[in-house]
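Worksheet for the structure shown next.
Numbering of ligands and ligand atoms starts at 1, following listing order. Quick note: residue numbers are just sequence positions, from 1.
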Amino acid sequence: MNPTSIATVSLSGDLADKLRAIAAAGFDGVEVFENDFLTFDGNPRDVGKMITDLNLAIVAFQPFRDFEGMPEPLRGRTFERARRKFELMNELGAKLMLICSNVSPQSLGGIDRAAHDLNELGDLAAKHGVRVGFEALAWGRHVNDYRDAWEIVRRANHDRIGLILDSFHTLARRSPLEPIASIPGDRIELVQLADAPLLDMDVLSWSRHFRNFPGQGDLPVADFLRAVEATGYAGPLSLEIFNDQFRAGSAKRVAVDGLRSLIQLADQTARLNDPAKAEMPDRAPLLGVEFIEFALDEEPAQALASLFSALGFHKSGEHRSKSVTRWSQGGINLIVNTEKDGFAQSHAIMHGPGVCALALRVGDVAATMARARALKDTTFEQSVGPGEMEIPAIRGVGGSLIYFTEPRPDGAQSWHDDFIATGDGANAPALLTEVDHISQSMDYDEMLSWLLFYTSLFALDRIPQLAIADPAGLVQSRPLVNADGSVRLILNGSQATRTLSSRFVSEHFGSGVQHIAFTSPDIFAAVAAMRAAGLDFLDIPENYYDDLEARYGLEPEFLDRLREHHILYDRDGEAEFLQVYTHVFAQRFFFEIVERRGGYAGFGAVNAPVRLAAQAREARPVTVPRPLHED
Ligand SMILES: O=C(O)c1ccc(O)c(O)c1
Ligand SMILES: [Mg+2]
């Protein structure tokens, strides 16, 4: 793999914070952004030493703007400015200066004029023992395509002058990638990498605010890198991300994401060339949700058990050595953990009653763990009793765990064997059959981190992000689904502080599962049975049903049944979706029951504002967050 690097502009903090985060994440080098240096209180030699002490290479000093094609007397000033920066680079210990193409209205066009300027600058660079790389900005005044930048560099014909390629500028303009392959690799000084979501806006604003790490956006960065590899370029791959959330987020977390994105991109690019030569197992296919584990104290656990019973679950097992019970229905397994020590208890103390772990069924646990380790995901081990199974796990959202299980040939040990089966109620027909989806709420700034976490490890497809109106602000919602729909995860985050999603995070000390939806083959029968068992459902206003009638012209009888059972409805072509919500449990999480008819693939997004408003009416007033247990 090429050396890894990241530009300081990609992270929050002052220069020292940024450099520490970059080194801690394990990058080989760094592009020093001039602005990070100018605003830092430390002389160039000390900054240079700080960087080498962290074992980082200075890959580039940048950007030097508005250089080529200036008329006199501006041209003379520009060369003097460059000379000063070369001196500064020598003090810092930087060997490469990045020049981005001129945006000044005063600049003059002409490839030979630009080539001549760069040739002359090459002599000055040689005098100072440094090199210069020229990069086309997508919005450059005369040079805005890498092919023109390369032609200028070629004609400059100076051994101190090379080309800089940036995936964003190339892919944003939809420039063809094939011509990259014919540039000699040793004339490329640096390759910068960035992804971005597809947005319909001017390219400058898009670049300055919405870039993100490869794999977080929609651009074909692997195709770009594949073309670069064909040149024989062996220098650093440097992430250069201008992103509003990254500037505000945790430098440490974002730096780790950056390295993970490069690891996944290298794997993706290798697979484009020859899947057999990949160095790590492929993204893990998900086969289903094996179980969902709740951690809580005895008292709320009893209330949760009543709720599970009313939802049609039966207690199907008692753990052999721990205070852990299993509840089942159809293909769904829920685990209730009330242990007095260990991971689950810490989770309950920290977050209150809630989901502390998800277990996902994968084709090959060992391969999944190997890929997780390659991606630098955090693995987790916990002590187990004699003869009990250790289930391999990694850390997920909000410090929760993701366990991995795999289908086992008959007779092989499985996590089920840790439980003594209790058969009560096992023969009742299942009202609910599968986990339909799991929603996790998180800080808005973390959404791209968890998106990368999930999609780099698992074969999950991203569904476009939706903005959903909560009465207290917008909530961004990003579904991730596997090919057969057996695993659907939803990431929710909001920049507004009082939305249901934000309050979940702020009042419960961090991100986590806020809601779980189960599939029912017959939602009316399920809701009737649950109501008979004493459960009631989130109230939905009459206005909603009036609108449904107006929108779809539903049969009055059908509409009455929806209304009576508080069921929400959506339609997509011939496909239909019915959904109903429990009240919120312990002010933390809630359940949803859905029925999908005719292959409905969405999540009832049109109904989400109705649900959020209903929940807001029920929500307690905001209180100052405080841990459940203060001992
Ligand atoms: O947005 C800019 O000005 C800018 C500067 C330097 C770069 O390498 C780049 O890609 C963009
Ligand atoms: Mg760039």
Side-chain angles (χ1 to χ4, degrees), residues 2 4-11 18 27 29-39 58-68 78 81-82 85 89 94-105 107 118 131-150 152-153 161-175 177 180 183 188-196 199 201-214 217 219 221 224-225 227-228 233 235-244 246-247 258 261-262 265:
N2 301 61
T4 57
S5 164
I6 185 169
T8 55
V9 74
S10 316
L11 303 177
K18 292 171 189 238
F27 283 93
V30 61
E31 284 183 75
V32 176
F33 253 65
E34 182 167 27
N35 199 51
D36 286 319
F37 170 74
L38 295 183
T39 56
I58 303 182
V59 160
F61 179 74
Q62 76 133 319
F64 190 82
R65 298 183 189 276
D66 297 340
F67 168 74
E68 83 282 8
T78 305
R81 187 159 58 89
K85 296 304 167 188
M89 284 168 61
K95 290 275 170 247
L96 176 69
M97 174 193 271
L98 176 151
I99 294 187
C100 48
S101 58
N102 204 325
V103 301
S104 166
S107 68
L118 277 172
R131 318 179 56 78
V132 170
F134 184 54
E135 175 195 26
L137 294 179
W139 55 91
R141 187 147 184 105
H142 301 286
V143 181
N144 48 37
D145 187 303
Y146 78 88
R147 290 167 291 183
D148 293 336
W150 165 235
I152 289 166
V153 165
I161 305 290
L163 180 68
I164 291 183
L165 291 170
D166 181 320
S167 65
F168 179 86
H169 299 298
T170 306
L171 298 169
R173 289 180 52 90
R174 297 200 169 81
S175 302
L177 300 178
I180 292 176
I183 301 169
I188 302 173
E189 288 289 344
L190 179 62
V191 173
Q192 298 178 313
L193 297 174
D195 199 342
L199 296 170
M201 68 192 303
D202 72 282
V203 70
L204 173 60
S205 310
W206 188 21
S207 177
R208 293 265 173 90
H209 302 282
F210 296 96
R211 286 187 183 208
N212 54 25
F213 290 133
L219 302 179
V221 186
F224 170 87
L225 185 55
V228 167
Y233 171 77
L237 299 176
S238 190
L239 298 163
E240 188 200 38
I241 318 294
F242 306 86
N243 178 295
D244 296 0
F246 290 12
R247 286 179 191 273
S261 82
L262 285 180
L265 181 68

With backbone taken as N, CA, C and O and side chain as the heavy atoms from C-beta onward, which portion of Leu98 lies under 4.0 Å from ligand 1: side chain, backbone, both, or neither?
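Answer for Leu98: side chain.
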
Under-4.0 Å heavy-atom contact with ligand 1, by part of Ile164 that carries it:
neither

Run the numbers for me: atoms of ligand 1, each under 4.0 Å from some heavy atom of [X], listed by number.
X: Leu137; value: 4 (C), 9 (C), 11 (C)
X: Gln62; value: 6 (C), 7 (C), 8 (O)
X: Arg208; value: 1 (O), 2 (C), 3 (O)
X: Gln192; value: 8 (O)
X: Glu135; value: 6 (C), 7 (C), 8 (O), 9 (C), 10 (O)

Do Phe168 and Trp206 have their ring centres less than 6.0 Å from each other?
yes

Does at least one non-hydrogen atom of Arg211 fall below 4.0 angstrom from an atom of ligand 1?
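Flag set, Arg211 near ligand 1.
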
Under 4.0 angstrom from ligand 1, any heavy atom of Phe242?
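True for this residue.
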
Nearest to the Mg ion (ligand 2), which N, O or S atom of [X] do we find?
X: Asp166; value: OD2
X: Glu135; value: OE2
X: Glu240; value: OE1

Between the main-chain N or O of Asn212 and the side-chain N or O of Asn243, is there a donor-acceptor pair closer than 3.5 Å?
no

Donor-acceptor contact present, side-chain Ser5 to main-chain Leu237, <3.5 Å:
no

Quick one: side-chain contact (heavy atoms from CB on, under 4.5 Å) partners of Arg65, sequence neighbours excluded?
Pro63, Cys100, Arg208

Hey, does Trp139 come in under 3.5 Å of ligand 1, counting only N/O atoms on both sides?
no

Between Arg81 and Asp66 (salt bridge meaning N to carboxylate O under 4.0 Å), is one present in this structure?
no

Any salt bridge linking Lys18 with Asp36? Criterion: basic side-chain nitrogen under 4.0 Å from a carboxylate oxygen.
yes

Could you grab the distance from atom CG of Leu96 to atom CZ of Phe61, nearest 0.5 Å is fine?
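Answer rounded to 0.5 Å: 11.5 Å.
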
Evaluating non-hydrogen atoms only, which member of His169, Glu240, Arg65 is closest to atom 3 (O) of ligand 1?
Arg65

Is there side-chain contact between Thr78 and Phe64, with heavy atoms separated by less than 4.5 Å?
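A side-chain contact under 4.5 Å exists here.
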
Gln62 and Glu240: side-chain donor and acceptor closer than 3.5 Å?
yes

Hey, are Ser238 and Glu31 close enough side-chain-wise for a donor-acceptor pair under 3.5 Å?
yes

I'd like to know: is the Mg ion (ligand 2) within the 2.8 Å range of an N/O/S atom from Gln192, strictly under that distance?
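Of the N, O and S atoms in Gln192, at least one lies under 2.8 Å from the Mg ion (ligand 2), which means yes.
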
